[in-house]
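Atoms considered below: every heavy atom in the structure, side chains included; atoms not considered: hydrogens, waters and symmetry mates. Proteins come first, then strands; the chains are lettered A, B, ... in the order of their sequence lines, and each starts at number 1. What you are looking at is a predicted structure, and each value in this text was computed from that prediction instead of being measured.
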2 protein chains.
Amino acid sequence: MKVTINDIAKAAGVAKSTVSKVLNDAPSISLATKRRVRQVMSDMNYTPSSIATQLARKSSFNIGLLVDMSRRDDFLNQFFYNIIGGVESVIGPQGYELTLCNMNNHDHELLMNRFVLNKRVDGFILDTSLLTPQLAESFNQVQFPFLAIGELPGYSEMSWVDIDNHKGAELLTEHLIFQGYRRIAFLGGESGEPIWSNRISGYKKALLNHSMSVVDSYMQPGYSNVETGCKLMQDLLELPPRPMPLYA
Amino acid sequence: MKVTINDIAKAAGVAKSTVSKVLNDAPSISLATKRRVRQVMSDMNYTPSSIATQLARKSSFNIGLLVDMSRRDDFLNQFFYNIIGGVESVIGPQGYELTLCNMNNHDHELLMNRFVLNKRVDGFILDTSLLTPQLAESFNQVQFPFLAIGELPGYSEMSWVDIDNHKGAELLTEHLIFQGYRRIAFLGGESGEPIWSNRISGYKKALLNHSMSVVDSYMQPGYSNVETGCKLMQDLLELPPRPMPLYA
DNA sequence: TTGAAAGCGCTACCAA
DNA sequence: TTGGTAGCGCTTTCAA
């Protein structure tokens, strides 16, 4: 049978509350006792049960990463990979683990029961594409912490992180301008979404800053995958004055 | 405050053990009681705490998927994506969740403490590339269930699943033969690993079955990524009698 | 500085 | 068919 905190207490001749304090390195315990108890722990190969700790502390020490496993494109990309690795690298050292939460069917109630209400995870990280104002509202109602990747237009009662899409697009556009390009197009990003409007505004800003005109047909939104990119580019190349370097 | 099993018991006028039985749909409870208790549960918006259940049942209801997050290539591919989705689709409905376990540094002891000994997960699923006989031995010593994807040569005290690499390679080779190809090469798979030997044996079998000779220089092992594939193919194309269709 | 005891919210055994 | 009760293995007051 697994050795528990009671076994350690007995073996070390202290109360289990003392063992618990040693476990958490409480300042009230003398160094001598700590050393002795720790010795016993390692002698007996003791590892505290995380589940018992979770119950006592009322926290699962689990962060949920919400994903829609049926959407392959959102899943199989560098970006998502970096998210997982990044999240793990900060929560791991803090004693938290990463639970992958499937939101396949977009059933909010199921989601709330399966992970939130039953305390399976302590908080969610999710891409804005999975978040609706209603869902955010559900989280807020039970005071459940969540963090969105990307902003949710029209809903401000939440935290989100993102790269500076406006600035990024501006820098990128400026870079091309400095290279001497004059007819610069912008493809991708879904219209209506902040990612599109922010990038487009940065793009426009750079153009205007350099006294260049904004050509409507050079700006085409579209879902970010290979097929759409390919199609948009073909459309672009068929425009009468097609985008090209100044000295082409 | 969160409503617990005690609140339900009180409100429904039954013992909490009865509520627990209703929760688990025990056959010993009368339909009438079940209905009544369930009504109270939904009236009070009750969701059982998964952590308490875990402690009482001594199971975390968590399956760990062991990955090395520093190995991008193993992570960002269709295969891995399918594993995650596949695993989730079977464990989810059974009440289990998927925990992504990072084995970045390949520290066995850390791994054992962080997930196994403290009961953070009930079992592991891992690719053979992460498994060593020593690690498998550690798992077995504490009777910890694990399932490998791919076989571990030289170690049999474990369960593993894999596709039939031998048969697959045989069918593939045969297919080419039927198309009329006569100089067929085989690239990829790491030498020494079952995936390579099994596929190669299927490849050879097909060739021999059709009275074709096996050319050593046509068989090149190599790590499965784009760069290696590219290089191997270039090498291949420079062989004196290079692989080609019969009627080229 | 240490210990006793009361939880945390369930399950499971044994009676009733 | 239901209830009482003793855990599961920790944490956390509150005393000593």
Side-chain angles (χ1 to χ4, degrees), chain A residues 1-38 40-41 44-62 95 113-122, chain B residues 1-38 40-41 44-62 95 113-122:
Chain A
M1 208 38 214
K2 173 106 169 60
V3 21
T4 75
I5 198 173
N6 286 302
D7 304 321
I8 300 299
K10 217 160 294 171
V14 297
K16 70 174 175 180
S17 53
T18 303
V19 178
S20 169
K21 283 165 192 157
V22 172
L23 235 28
N24 298 289
D25 203 19
S28 71
I29 301 295
S30 74
L31 200 58
T33 308
K34 278 185 184 170
R35 259 204 281 269
R36 189 156 44 86
V37 173
R38 286 193 180 121
V40 175
M41 286 178 176
M44 300 184 66
N45 254 198
Y46 171 66
T47 313
S49 152
S50 73
I51 299 178
T53 309
Q54 289 173 40
L55 182 58
R57 287 220 240 260
K58 298 177 159 210
S59 160
S60 70
F61 294 94
N62 255 133
N113 283 323
R114 183 168 168 193
F115 300 106
V116 179
L117 272 15
N118 68 0
K119 308 255 187 251
R120 198 85 209 213
V121 301
D122 290 341
Chain B
M1 206 39 213
K2 172 108 170 60
V3 22
T4 75
I5 198 174
N6 286 303
D7 304 321
I8 301 298
K10 217 161 295 171
V14 296
K16 71 172 174 180
S17 52
T18 302
V19 178
S20 170
K21 284 166 194 156
V22 173
L23 234 28
N24 298 289
D25 203 18
S28 71
I29 302 296
S30 72
L31 200 58
T33 308
K34 280 185 184 170
R35 260 203 279 269
R36 188 156 44 87
V37 173
R38 286 194 180 121
V40 174
M41 287 178 175
M44 301 184 67
N45 254 194
Y46 170 67
T47 314
S49 153
S50 74
I51 300 179
T53 308
Q54 288 172 42
L55 182 58
R57 286 221 241 257
K58 297 176 158 215
S59 160
S60 70
F61 294 94
N62 254 134
N113 284 324
R114 182 168 169 194
F115 299 106
V116 179
L117 271 16
N118 67 1
K119 310 255 186 245
R120 198 83 209 214
V121 300
D122 291 341

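- At least one side-chain nitrogen or oxygen of B/Thr18 sits closer than 4.0 Å to the OP1 or OP2 atom of D/dG3.
- Between the CE atom of B/Met41 and the CD1 atom of B/Ile8 there is a distance of 6.0 Å, given to the nearest 0.5 Å.
- Annotation: the terminal axes of the helix from C/dT1-D/dA16 to C/dA16-D/dT1 meet at 40°, where each axis is the rotation carrying the C1' atoms of four end pairs onto the next four (5 pairs per end, rounded to 10°).
- Of the listed nucleotides (C/dT11, D/dT11, D/dG3), C/dT11 has the atom at the smallest distance from the side chain of B/Thr53.
- Going from atom NZ of B/Lys16 over to atom P of C/dG9 covers 10 Å, rounded to whole Å.
- No contact: A/Ser50 has no heavy atom under 4.0 Å from any strand.
- Among D/dG9, C/dT2, D/dT11, the nucleotide with an atom closest to any side-chain atom of A/Ala52 is D/dG9.
- Residue-to-nucleotide proximity on DNA chain C shows that, of A/Ala56 and A/Leu31, the 5′-proximal contact is made by A/Leu31.
- B/Ser20 comes within 4.0 angstrom of a nucleotide base, judged by non-hydrogen atoms across all strands.
- Atom CD1 of B/Ile51 is separated from atom CZ of A/Arg57 by 12.0 Å, given to the nearest 0.5 angstrom.
- For the pair A/Ile5 CD1 and C/dT2 C1', the interatomic distance rounds to 14 Å; values are reported in whole Å.
- One interatomic measurement links the two molecules: CD of B/Gln54 to P of D/dC10, which rounds to 15 Å at whole-angstrom precision.
- A/Ala12 and A/Val40 make their closest contact through CB-CG2, 3.8 Å (heavy atoms, listed as atom of the first residue, atom of the second, distance).
- Looking at the side chain of B/Ser30, the nearest of the listed nucleotides D/dC10, D/dT1, D/dG4 is D/dT1.
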Quick one: which protein N/O atoms are closer than 3.5 Å to N/O atoms of nucleotides 13-16 of chain C? Pair and distance per line, please.
none

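- Residue B/Lys58 has a polar side-chain atom (N or O) positioned under 4.0 Å from OP1 or OP2 of D/dG9.
- If you measure from atom NZ of A/Lys119 to atom C1' of C/dG9, you get 12 Å, rounded to the nearest angstrom.
- Atoms NZ (A/Lys10) and C1' (C/dG3) sit 15 Å apart, rounded to a whole Å.
- When atom types are taken as modelled, the side chain of A/Lys2 and the backbone of A/Thr47 share a donor-acceptor pair closer than 3.5 angstrom.
- The residue A/Asn6 sits apart from the nucleic acid: no heavy atom pair falls under 4.0 Å.
- Each salt bridge (Lys or Arg N to Asp or Glu O under 4.0 Å) pair with one or both residues in residues 18-33 of chain B, not counting sequence neighbours, appears once here: B/Asp25-B/Lys34, B/Asp25-B/Arg38.
- Residue contacts shown for A/Val19 are absent, as no nucleic acid heavy atom lies under 4.0 Å away.
- Between atom CG of residue B/Asn6 and atom NZ of residue B/Lys10 there is a gap of 6.0 Å, rounded to the nearest 0.5 Å.
- Atom CD1 of B/Ile51 is separated from atom P of C/dC8 by 14 Å (rounded to the nearest Å).
- With distances taken from any side-chain atom of A/Leu55 to the nucleotides D/dG9, D/dG3, D/dT11, the minimum falls on D/dG9.
- Taking OG1 of A/Thr53 as the reference point, atom CG of A/Asn24 lies at 8.0 Å (rounded to 0.5 Å).
- Note that CG of B/Leu55 and OG of A/Ser50 are 10.0 Å apart. Values are rounded to the nearest 0.5 Å.
- DNA chain D is contacted by both A/Leu23 and B/Arg57; B/Arg57 maps to the nucleotide lying nearer its 5′ end (nearest heavy atom per residue).
- In plain terms, the two heavy atoms of B/Asp122 and B/Phe61 that are nearest each other are OD2-N, 2.8 Å.
- Counting any heavy atom pair closer than 4.0 Å across all strands shown, A/Ser28 reaches a base atom.
- In this structure a side-chain-to-backbone donor-acceptor pair under 3.5 Å is present from A/Asn118 to A/Arg120.
- If you measure from atom CD1 of B/Ile8 to atom P of C/dT11, you get 13 Å, rounded to the nearest angstrom.
- Nucleotide D/dC8 holds its P atom 10 Å from the CG atom of A/Asp7, rounded to whole Å.
- Residue A/Gln54 holds its CD atom at 8.0 Å from OG of A/Ser49, rounded to the nearest 0.5 Å.
- Comparing D/dT5, C/dG3, D/dC10 by their nearest atom to the side chain of A/Pro48 picks out D/dC10.
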